[in-house]
Chemist: 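Structure in structure tokens, see below.
The figures that follow rest on heavy atoms only: side chains count, while hydrogens, waters and symmetry mates do not.
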Amino acid sequence: MSFKDRLKEKRLEANLTQVQLAEKVSVSARTIQNYELGTRKPTKYDVVEKIAAVLDTTPEYLLGQSGMLVVAAHEKGGSKAARDIDELVSEVTGMFAGGTLSEDALDGAMKALNDAYWRAKEKNKKYTPKKYRSGGAKK
């Protein structure tokens, strides 16, 4: 089940409309609509926390392991990192679709790939020419 499905399920259980949920979370109704359509995903963990609190659930349940990785990547490395992790998660999920891998094993694989991504990013920093490093540009 994806974020959009979990969100809608919990919102309906709470007997809230999209507009009511949006008001309680301080986002637009269009934002909630986009989340439920799957055209957007939250990029800030505090928004997910607010939604989870209103719907009496946890952010981890709403996002799932892969969603947590994407949100963490956005907060740690910005939009590009979030897109990279989201793409990586999608590819890995596709590789194991229809297989016999348990949910826990898939989560473990996702976490391992996420850790490898961040280690590679850190390692590659030392190979970036000084003029392209943030704060190291020559004038």
Side-chain angles (χ1 to χ4, degrees):
M1 194 183 307
S2 64
F3 170 74
K4 67 180 188 168
D5 299 323
R6 290 183 184 116
L7 175 62
K8 186 171 185 175
E9 171 194 65
K10 288 296 186 180
R11 179 181 60 78
L12 293 175
E13 282 178 13
N15 292 318
L16 293 173
T17 66
Q18 290 178 344
V19 172
Q20 290 169 327
L21 177 59
E23 288 171 356
K24 290 177 182 275
V25 179
S26 301
V27 297
S28 71
R30 183 72 172 165
T31 297
I32 299 297
Q33 181 184 34
N34 286 332
Y35 290 166
E36 288 189 7
L37 288 172
T39 56
R40 282 188 60 208
K41 294 178 184 174
T43 56
K44 296 188 178 170
Y45 189 72
D46 64 326
V47 172
V48 180
E49 283 181 316
K50 289 177 185 177
I51 292 171
V54 169
L55 298 179
D56 195 29
T57 190
T58 64
E60 292 78 13
Y61 173 77
L62 286 176
L63 291 173
Q65 178 67 29
S66 60
M68 291 294 290
L69 294 174
V70 173
V71 169
H74 188 276
E75 290 184 346
K76 184 175 179 181
S79 297
K80 183 177 181 337
R83 279 192 308 274
D84 289 347
I85 292 294
D86 193 32
E87 185 178 320
L88 187 61
V89 164
S90 296
E91 289 174 7
V92 170
T93 302
M95 278 181 12
F96 295 114
T100 58
L101 205 58
S102 71
E103 189 71 26
D104 287 340
L106 183 58
D107 286 348
M110 298 285 192
K111 180 151 180 23
L113 284 169
N114 183 55
D115 293 344
Y117 171 84
W118 288 110
R119 280 194 306 273
K121 293 263 304 169
E122 189 61 35
K123 187 176 180 179
N124 286 335
K125 276 185 181 178
K126 68 181 180 183
Y127 298 112
T128 305
K130 286 184 181 178
K131 68 179 185 178
Y132 294 115
R133 292 183 196 164
S134 58
K138 294 181 180 179
K139 295 183 182 185

Chemist: With rounding to the nearest 0.5 angstrom, report the NZ to CD1 distance, Lys8 to Ile32.
Modeler: 13.0 Å
Chemist: Using every non-hydrogen atom in the two residues, find where Leu62 and Val48 come nearest and quote the distance to one decimal.
Modeler: CD1-O, 4.3 Å
Chemist: Between atom OG of Ser28 and atom CG of Asn34, what is the distance when rounded to the nearest 0.5 Å?
Modeler: 7.5 Å
Chemist: So, for Pro59 and Ala52, which heavy atoms are closest and what is the spacing to 0.1 Å?
Modeler: N-CB, 3.6 Å
Chemist: So, using side chain to side chain donor-acceptor pair (under 3.5 Å) as the criterion, who are the partners of Gln18 when residues are at least two apart?
Modeler: Glu36
Chemist: Are Arg6 and Glu9 close enough for a salt bridge, meaning some N to O gap below 4.0 Å?
Modeler: no
Chemist: For residues Leu7 and Tyr35, report the shortest heavy-atom separation together with the two atoms involved.
Modeler: CD2-CB, 3.5 Å
Chemist: Rounded at 0.5 Å granularity, tell me how far OG1 in Thr39 sits from NZ in Lys4.
Modeler: 9.0 Å
Chemist: Residues two or more places apart in sequence or in another chain: which of them pass side chain to side chain donor-acceptor pair (under 3.5 Å) with Arg40?
Modeler: none
Chemist: Going by heavy atoms in the side chains, are Val54 and Leu16 under 4.5 Å from each other?
Modeler: yes
Chemist: Hey, what do you get for CD1 (Ile51) to CZ (Arg11), rounding to the nearest 0.5 Å?
Modeler: 11.5 Å
